[in-house]
Amino acid sequence: MGPAKINDPDHLVNVHLNIFPYISSVYKNRKQNLPVPPHLLSTHTDRVLSLPKQKRHLKSSTDQRSNQGFSLAAMSDAYCTDCKRETELVVDHSAGDTLCSECGLVLESHSIDETSEWRTFANESSNSDPNRVGGPTNPLLADSALTTVIAKTNGSSGDFLSNSLGRWQNRNGSAERGLIQAFKTIATMSDRLGLVGTIKDRANEIFKRLEDQKSTRGRNQDALLAACLYISCRQEDKPRTIKEICSVANGATKKEIGRAKDFIVKTLGLETGHSVELGAIHAGDFMKRFCSNLGMSHQAVRAAEEAVKKSEEFDIRRSPISIAAVVIYIITQLSDDKKPLKDIAVATGVAEGTIRNSYKDLYPHLPKIIPSWYAKEEDLKNLSSP
C-alpha cells in the first residue's frame, strides 16, 4: 500500500498516546490544523539519532515486543512524500503501521508481520518451552506435526481426567506409532555412530518402503532397523562395518543383521524390478576412522591412505576391512609409536588371526605399497617376516 495520510487521526492518537508522546503531539496539532512546534520535531529527531546504529534496525520479534510494540524499521531510509526526502521509519507492530520519524505521516498501514512468532505452551510458567504451531514435518508420516500429546499432571485436581484421556489416547493411537518408534531407534543408532542426517533419512525411507509392503511382520525389528542403517551407509558412500552397526543395535547379532540385509535387498529388488545398488566398499573408506580410533599422527594417517590406495593395484584376495587393518599394523610398526596387534584388532573389528594372514599376503608387495617418503627399504627389511 502506497503512502497515504490518515483520514481519522483519533485512532492513531489513542494508540500511540502512551508510547510515543511526541508523535501523538504531532497528530494533535495536525488535527487542529495548527503548525507543529519545532521543538517536538527536533526532540523526536534527537531521540532517534541518539540511538546506537545497531539499535535502529529490527533484531528479533522478541526485541519488538519488549519495545512496547514500536521499533525502528529494518530498512534504513525511505522516501516520505510529506518531508520530500528520505527519513527514518518507525514501525508500530501492534497496529501494523509504518510511520515517518520526522513528521508522523503513516506510509503504510495494516501491514502483516511475517517474522517468526515464538510462543510458550509449557504447563508451568517457570518452564521456558518456546514452540511454534507444531513439530517438524516428516514427509514419511501423513499426520506429522498434527498430533496431540496429553501431558501428565503434577498432582493437580485433574489427575483422573488427564490420566484417563492419556490412556484412551494410547489405546486409540495413530497407526503410525510403530513408524515413529522405528524412526526414533534409527536416529538413536545414527547419533551413536556419528552419522549425518542424509544417512538417517535414507534409512527411514528404506524402512518405510518395507512397512508399506507389510514385509516387516514376524521379523526381528531390531535387526531390520540395523540393516536399513547399514544399507543406507553403503548407498551414501559412508560405509560402516557390520560390527560397528551391531555395536549400536538393540541386541541384534551380526548374523541376524546380515540376514535382514539380504532380505531387504531382495524385497526392494522385487519392488523396483531391478537389483538394489549398495555401492562398492574400499579399504580407504575406513582408514581415517580407524586411524582416529588409534590416535595415529597425521603423517602416519597420510602414509596409510597412500598405501591402501596402492594396494588396490595388486590382486590381494582379502576384504577391504582386513586390508585396512593390516596396512595400519604395518604403518605403526614402521613408526616410533608402535601399536599392539590387539589394539588394532579392537579398533578395526578384525580378528588378530585375520590380520596375521592378511599380512602374509601383503608382505611381498610392501616395497611397492609403502610410500618411499615414509619408510626406506632398510626399514622394510627390519619388519618381521610372516
Side-chain angles (χ1 to χ4, degrees), residues 189-200 229-230 232-234 236-249 254 279-386:
M189 292 190 295
S190 300
D191 293 340
R192 293 178 62 184
L193 290 174
L195 303 178
V196 295
T198 54
I199 296 178
K200 179 189 66 175
L229 192 60
Y230 174 79
S232 177
C233 292
R234 292 278 299 270
E236 291 292 331
D237 295 329
K238 301 293 182 182
R240 293 295 188 272
T241 64
I242 292 288
K243 282 190 176 182
E244 288 179 301
I245 300 294
C246 184
S247 64
V248 297
K254 288 176 54 180
I281 298 179
H282 302 280
D285 297 333
F286 309 96
M287 189 59 62
K288 285 187 177 180
R289 189 166 66 256
F290 291 164
C291 293
S292 176
N293 294 338
L294 291 169
M296 297 172 57
S297 63
H298 175 72
Q299 186 177 11
V301 174
R302 179 186 167 194
E305 290 178 339
E306 290 187 17
V308 162
K309 189 174 182 179
K310 291 181 180 179
S311 66
E312 296 178 355
E313 302 174 1
F314 302 93
D315 185 17
I316 303 174
R317 300 184 179 181
R318 293 287 176 179
S319 67
I321 302 174
S322 300
I323 294 177
V326 69
V327 167
I328 291 176
Y329 172 73
I330 295 172
I331 293 296
T332 55
Q333 296 304 310
L334 293 172
S335 66
D336 297 332
D337 186 16
K338 295 179 172 57
K339 304 292 183 182
L341 185 60
K342 182 179 179 180
D343 294 347
I344 297 176
V346 172
T348 59
V350 181
E352 297 182 27
T354 304
I355 297 177
R356 293 192 184 96
N357 294 331
S358 301
Y359 180 75
K360 294 178 183 179
D361 298 337
L362 204 65
Y363 185 80
H365 308 289
L366 290 183
K368 298 180 180 180
I369 292 178
I370 303 301
S372 58
W373 59 266
Y374 185 76
K376 300 179 181 179
E377 293 185 5
E378 298 178 356
D379 299 330
L380 298 178
K381 292 180 181 178
N382 294 331
L383 290 173
S384 59
S385 59

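For the single chain, residues carry numbers from 1 onward in sequence order.
The existence of a salt bridge linking Lys368 and Glu313 is excluded, since no basic side-chain nitrogen approaches an acidic carboxylate oxygen closer than 4.0 Å. Ion pairing between Lys381 and Glu377 fails under the 4.0 Å rule for side-chain N and carboxylate O. A salt bridge is absent between Glu305 and Lys309: the closest approach of a Lys/Arg side-chain nitrogen to an acidic carboxylate oxygen does not fall below 4.0 angstrom.
Smallest separation of non-hydrogen atoms from Glu352 and Ala345: CG-CB, 3.7 Å. What you find for Ala325 and Ile344 is that their closest heavy atoms are O-CG2, 3.8 Å. Nearest heavy atoms, Met189 versus Val248: CG-O, 3.5 Å. Nearest heavy atom pair, residue Arg192 against residue Ser247, reads NH2-O, 3.6 Å. Counting all heavy atoms, side chain and backbone alike, Ala347 lies closest to Asn293 at O-ND2, 3.9 Å. Shown here for Glu244 and Phe290, the closest heavy-atom pair between the two residues is OE2-CE2, 4.4 Å.
With values rounded to the nearest 0.5 angstrom, Ile330 atom CD1 is found 5.5 Å from Ile370 atom CD1. Here OG of Ser372 is found 9.0 Å from CD of Glu306. Values are rounded to the nearest 0.5 Å. The OH atom of Tyr329 sits 6.0 Å away from the CG atom of Leu341 when rounded to the nearest 0.5 Å. Rounding to the nearest 0.5 Å places CD1 of Ile281 at 10.5 Å from CG of Asp237. To the nearest 0.5 angstrom, Asp336 atom CG is 9.0 Å from Ser297 atom OG. Atom CD1 in Ile369 sits 4.0 Å away from atom CG in Leu362 (nearest 0.5 Å).
You'll find the side chain of Tyr374 stays beyond 4.5 Å of the side chain of Asp379, heavy atoms only. Side-chain contact between Glu312 and Ile323: absent, with no pair of heavy atoms (C-beta onward) separated by less than 4.5 Å. Using a 4.5 Å cut-off on side-chain heavy atoms (C-beta onward), Leu380 and Leu334 make contact. For the pair Ile245/Leu193, a side-chain contact is recorded, criterion being any heavy-atom separation below 4.5 Å from C-beta on. No side-chain heavy atom of His282 sits under 4.5 Å from any side-chain heavy atom of Pro320. Side-chain contact check for Thr198 versus Lys238: every heavy-atom pair is 4.5 Å or farther apart. By the 4.5 Å heavy-atom criterion applied to side chains, Leu229 and Ser190 are counted as neighbours. Side-chain contact between Gln333 and Tyr359 is absent, with no heavy atoms from C-beta onward closer than 4.5 Å.
Within 6.0 Å of the CD atom in Gln299, the count of heavy atoms belonging to other residues, nucleotides or ligands does not exceed 12.
For Thr354, the side-chain hydrogen bond (donor to acceptor under 3.5 Å, both in side chains) test picks out no residue, with sequence neighbours left out. For Ser335, there are no side-chain hydrogen bond (donor to acceptor under 3.5 Å, both in side chains) partners, not counting sequence neighbours.
Judged purely by atom type and a 3.5 angstrom limit, Lys339 uses its side chain to pair as donor or acceptor with the backbone of Leu294.
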**Prompt:** Under the side chain to side chain contact (heavy atoms under 4.5 Å, CB included) criterion, do Ile328 and Cys291 qualify, and how do the steps go?
**Reply:** CA-CA 7 Å; Ile328 291 176; Cys291 293; 4.1 Å; yes
**Asked** Between Arg289 and Arg240, is a side chain to side chain contact (heavy atoms under 4.5 Å, CB included) present by the stated rule, with each step listed?
**Response** CA-CA 10 Å; Arg289 189 166 66 256; Arg240 293 295 188 272; 3.1 Å; yes
**Request:** Report the C-alpha separation of Thr348 and Phe286 in whole Å, then their side-chain angles, then the decisive distance to 0.1 Å, and conclude whether the side chain to side chain contact (heavy atoms under 4.5 Å, CB included) test is met.
**Result:** CA-CA 9 Å; Thr348 59; Phe286 309 96; over 6 Å; no
**Request:** Apply the test side chain to side chain contact (heavy atoms under 4.5 Å, CB included) to residues Ile331 and Met296: give CA-CA distance (whole Å), side-chain angles for both, the deciding distance (0.1 Å), then the verdict.
**Result:** CA-CA 10 Å; Ile331 293 296; Met296 297 172 57; 4.1 Å; yes
